[in-house]
There are 2 protein chains.
Amino acid sequence: MERSGGRSGQTRADTREVVLAAVRLFTESGFDATTMDHIAAATGVSRRSLFRRFGSKEDILFAEHDELFSTVVRFLEASPDDPLSSVFSAARLVLQGYLGDPEITVPRYHLVRAHPRLRDREVAMTARYQAAFSRYLARREGGEDRSLAAGVAAASLISAHNHVLRGWLRRPEQDRGEVWASFDEAVAFVRRAAEPMLHAEREPGHDHVLVAVYPGGTDREELLRRVGAAVREAEGP
Amino acid sequence: MERSGGRSGQTRADTREVVLAAVRLFTESGFDATTMDHIAAATGVSRRSLFRRFGSKEDILFAEHDELFSTVVRFLEASPDDPLSSVFSAARLVLQGYLGDPEITVPRYHLVRAHPRLRDREVAMTARYQAAFSRYLARREGGEDRSLAAGVAAASLISAHNHVLRGWLRRPEQDRGEVWASFDEAVAFVRRAAEPMLHAEREPGHDHVLVAVYPGGTDREELLRRVGAAVREAEGP
DNA sequence: CCTCTCCATGGCATTCGGTGCCAGAATAGG
DNA sequence: CCTATTCTGGCACCGAATGCCATGGAGAGG
C-alpha cells in the first residue's frame with residue numbers, strides 16, 4: 001500500500017492528521033474534557049478504530065514520540081563502536097526529533113505541564129531512553145559490572161538533554177543555533193564527567209588533587225615513581 | 001483520634017491494612033483482574049471510600065511510597081547547608097524506606113516489572129525525587145545558573161540509588177550490610193563525579209593532577225597559597 | 001469481469017475505573 | 001444531651017477500553 005503522503009483527503013485519515021486534530025482539541029478544550037467521540041467526529045475515524053490504531057487516548061498524544069523512540073533505538077543498534085559518542089549522537093537525534101516537529105511537541109509540552117497524568121507519561125518516555133542508553137553503554141566486553149557507571153552516565157546525559165529541551169520548549173521561537181550551542185555545551189559538560197567514569201579502572205583522574213612535596217634534588221624517575229604509587233593508592237583497591 | 005495501632009479489628013481498616021490486602025490480591029490474581037469491588041470486599045471498606053481515600057487503584061499500591069516521598073521532602077527542607085551531603089542523606093532515607101517495608105515494596109517491585117502501566121508510575125515517582133533533589137541543589141546563592149549541574153547531579157544520584165535498590169529488590173534475602181555497603185560505594189562513585197561539577201568555578205577538581213615541588217622547609221601557608229594559585233590557573237580560562 | 005480471501009473498519013454491548021450527589025453514621029465539642 | 005463537622009457508603013452516571021461480529025474495500029487468482 002502506498003503512503004498517502006501529505007494529502008488531506010477524505011480517504012483515510014493519516015496517523016499524523018489524527019494526532020494533529022487531537023492535539024488541537026486537547027489544547028482548546030482540555031485533555032479530560034475531550035472525549036474519544038470528539039476526536040472521532042473531528043477526524044472522521046470511528047471511536048473503535050481510534051482505540052485499535054492508537055491503543056488509548058494518551059497514546060494519540062505520544063504516537064509520534066513512540067516513533068522517534070524506535071528510530072533512536074534502531075540508530076543505537078546500528079552503531080558499532082565508541083559507545084559514548086554513539087549515545088551522545090542518539091541524544092542529539094532525540095532533540096532533533098523534538099525541534100523538527102514543533103506543531104506537536106510544543107503544545108504537547110504545555111499539555112504535559114498542566115496534567116499530572118500526562119507528565120508521568122512523558123517522564124516514562126525519557127526513562128525508556130535512559131534505559132536504552134544505559135543498556136547500550138553497559139553491554140561492553142570485559143567481565144566487570146559496568147552497569148552502575150553506565151546507568152549514571154545515561155542518567156546524566158538524559159538530564160542534560162532534558163535541560164536543553166525544556167529551555168527550547170519554553171521559548172520555541174528562539175534561534176535554533178542557540179539551542180544547538182547549548183546542547184553542545186551541556187553534552188561537553190556531561191562528557192567531562194562521564195568519560196573518566198567509564199574508564200575508571202585504567203586511567204587516573206578521579207578528581208583528586210595530588211600535592212607532592214619532595215626535596216628539591218629528588219631524582220625525576222624516583223619522583224614519578226612515587227607520584228604514580230600515590231595516585232594508584234588514591235584510586236583505591 | 002488515636003491510631004488503632006496494629007490491631008486488625010473490624011473498626012476501621014487502616015490505610016496500611018488496605019494496602020497490604022490489595023497487594024495480596026494483586027499478586028494473587030493480577031493487577032487488572034483485581035477490581036475495586038474485590039478490594040472493597042476483602043477489606044470491608046466500601047468501593048466509594050476506597051476511591052475517596054486513595055484516589056485510584058494504582059494509588060493504593062503507591063500510598064506508602066507517597067508518604068515516604070513527603071518525608072524525604074520535609075527532610076530536605078529542614079536541611080540547611082552542605083546541599084550535596086543532604087541530598088545523599090535523602091537518598092539514603094529513600095533506600096531505608098524501601099528496606100524497612102519489604103512486605104509492600106518487594107511484591108510491588110514484581111508487580112511493577114510485570115505491568116507497564118505500573119512501571120510508568122514507579123518511574124514517575126523516581127522522577128519526583130529527582131526533581132526535588134535537583135531543585136534543592138540548584139537553589140543556592142550565587143547568580144549563576146547551576147540548574148544543569150544540579151540536574152545532572154540529581155540524576156546521577158537517583159540512578160545510583162536505583163541501581164542499588166534494584167539489586168536488593170531482586171534478592172531481598174541478602175544481607176542488609178551488603179546492601180548498605182554497595183550503597184555507600186555507589187554514592188561515593190557519584191560524589192566523585194558530582195562534587196567537582198557543582199563547584200566547577202570555585203574549587204579545583206577538573207581532573208588535573210598537580211605536582212608541586214618546593215623546598216622542604218617552605219612555610220605551610222606559603223605552600224598552600226602557591227598551590228591554590230596554580231590550581232586556579234589550571235582551572236581558569 | 002467475477003469471485004474468493006484477507007484485513008481494516010465501525011457499530012454494539014459490556015466491563016470497570018472514576019466522580020458527583022446525597023443521606024446516614026460516627027465523632028468532636030460545648 | 002444536643003449540635004456541627006467529618007467520614008462513610010449507596011446510587012447514578014460518564015467515559016475509557018475491550019470483545020464480538022457484520023460490513024466493505026483492496027488485491028489475488030480464475
Side-chain angles (χ1 to χ4, degrees), chain A residues 1-5 7 9-19 21-23 25-26 28-63 66 111-112 114-121 124, chain B residues 1-5 7 9-19 21-23 25-26 28-63 66 111-112 114-121 124:
Chain A
M1 188 215 296
E2 288 293 317
R3 283 289 155 132
S4 65
R7 313 258 338 283
Q10 313 279 13
T11 53
R12 177 187 187 275
D14 198 353
T15 294
R16 182 170 184 81
E17 301 172 31
V18 174
V19 172
V23 166
L25 289 177
F26 290 156
E28 283 173 0
S29 315
F31 181 79
D32 289 324
T34 304
T35 72
M36 288 299 265
D37 284 320
H38 295 152
I39 304 175
T43 59
V45 182
S46 78
R47 174 189 153 90
R48 189 63 186 86
S49 290
L50 286 178
F51 276 112
R52 206 189 315 270
R53 286 165 60 181
F54 293 95
S56 77
K57 195 166 78 165
E58 288 181 8
D59 287 340
I60 299 179
L61 197 54
F62 291 94
D66 281 334
L111 285 167
V112 159
H115 204 92
R117 209 164 195 166
L118 299 177
R119 177 189 283 268
D120 289 358
R121 187 69 158 68
Chain B
M1 189 217 295
E2 288 293 318
R3 283 289 155 133
S4 64
R7 314 260 336 285
Q10 314 278 10
T11 53
R12 177 191 186 274
D14 198 353
T15 294
R16 182 170 183 81
E17 301 173 31
V18 174
V19 172
V23 165
L25 290 176
F26 290 156
E28 283 172 1
S29 317
F31 182 78
D32 289 323
T34 305
T35 73
M36 288 298 267
D37 284 320
H38 294 154
I39 304 175
T43 59
V45 183
S46 78
R47 171 191 149 91
R48 188 65 186 87
S49 289
L50 286 178
F51 276 113
R52 208 192 314 272
R53 285 166 61 181
F54 294 95
S56 76
K57 194 165 79 167
E58 289 181 8
D59 287 340
I60 299 179
L61 197 53
F62 292 94
D66 281 333
L111 286 168
V112 160
H115 205 92
R117 210 167 195 163
L118 299 178
R119 177 189 283 268
D120 289 359
R121 188 68 158 68

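Source: prediction; values computed, not measured. Each chain gets a letter, A, B and so on, in the order the sequences are listed, and its residues count up from 1.
Listed candidates were dG9(D), dG10(C), dG18(C). Nearest to the side chain of Phe51(B) is dG18(C). Comparing dC16(C), dT9(C), dC20(D) against the side chain of Arg48(A) picks out dC20(D) as the nearest.
The shortest distance between the side-chain N/O atoms of Ser56(B) and the OP1/OP2 oxygens of dG17(C) is not below 4.0 Å. At least one side-chain nitrogen or oxygen of Ser49(A) sits closer than 4.0 Å to the OP1 or OP2 atom of dG10(C). Checking the phosphate oxygens (OP1, OP2) of dA16(D), no side-chain nitrogen or oxygen of Arg117(A) falls inside 4.0 Å.
Atom pair Arg47(A):CZ and dC14(D):P shows a separation of 13 Å (rounding to whole Å applied). Between Arg53(A) atom CZ and dA17(D) atom P there is a gap of 16 Å when expressed in whole angstrom units. What separates CZ of Phe31(B) from C1' of dG17(C) is a distance of 10 Å, to the nearest Å. Nucleotide dC16(C) holds its P atom 8 Å from the CG atom of Asp37(B), rounded to whole Å. A straight line from NZ of Lys57(B) to P of dG18(C) spans 8 Å, rounded to a whole angstrom. The nearest whole Å value for the distance from the CD atom in Glu58(B) to the P atom in dG17(C) is 11 Å.
Annotation: side chain of Phe54(A) is not in contact with side chain of Asp66(A) (no heavy-atom distance under 4.5 Å). When side chains are defined from C-beta on, Val45(A) counts as touching Arg53(A), because their heavy atoms get closer than 4.5 Å.
Annotation: of the two residues near DNA chain D, Thr35(A) and Arg52(A), the 5′-most nearest-nucleotide partner is Thr35(A).
Atom CZ in Phe51(A) sits 7.5 Å away from atom CD1 in Ile60(A) (nearest 0.5 Å).
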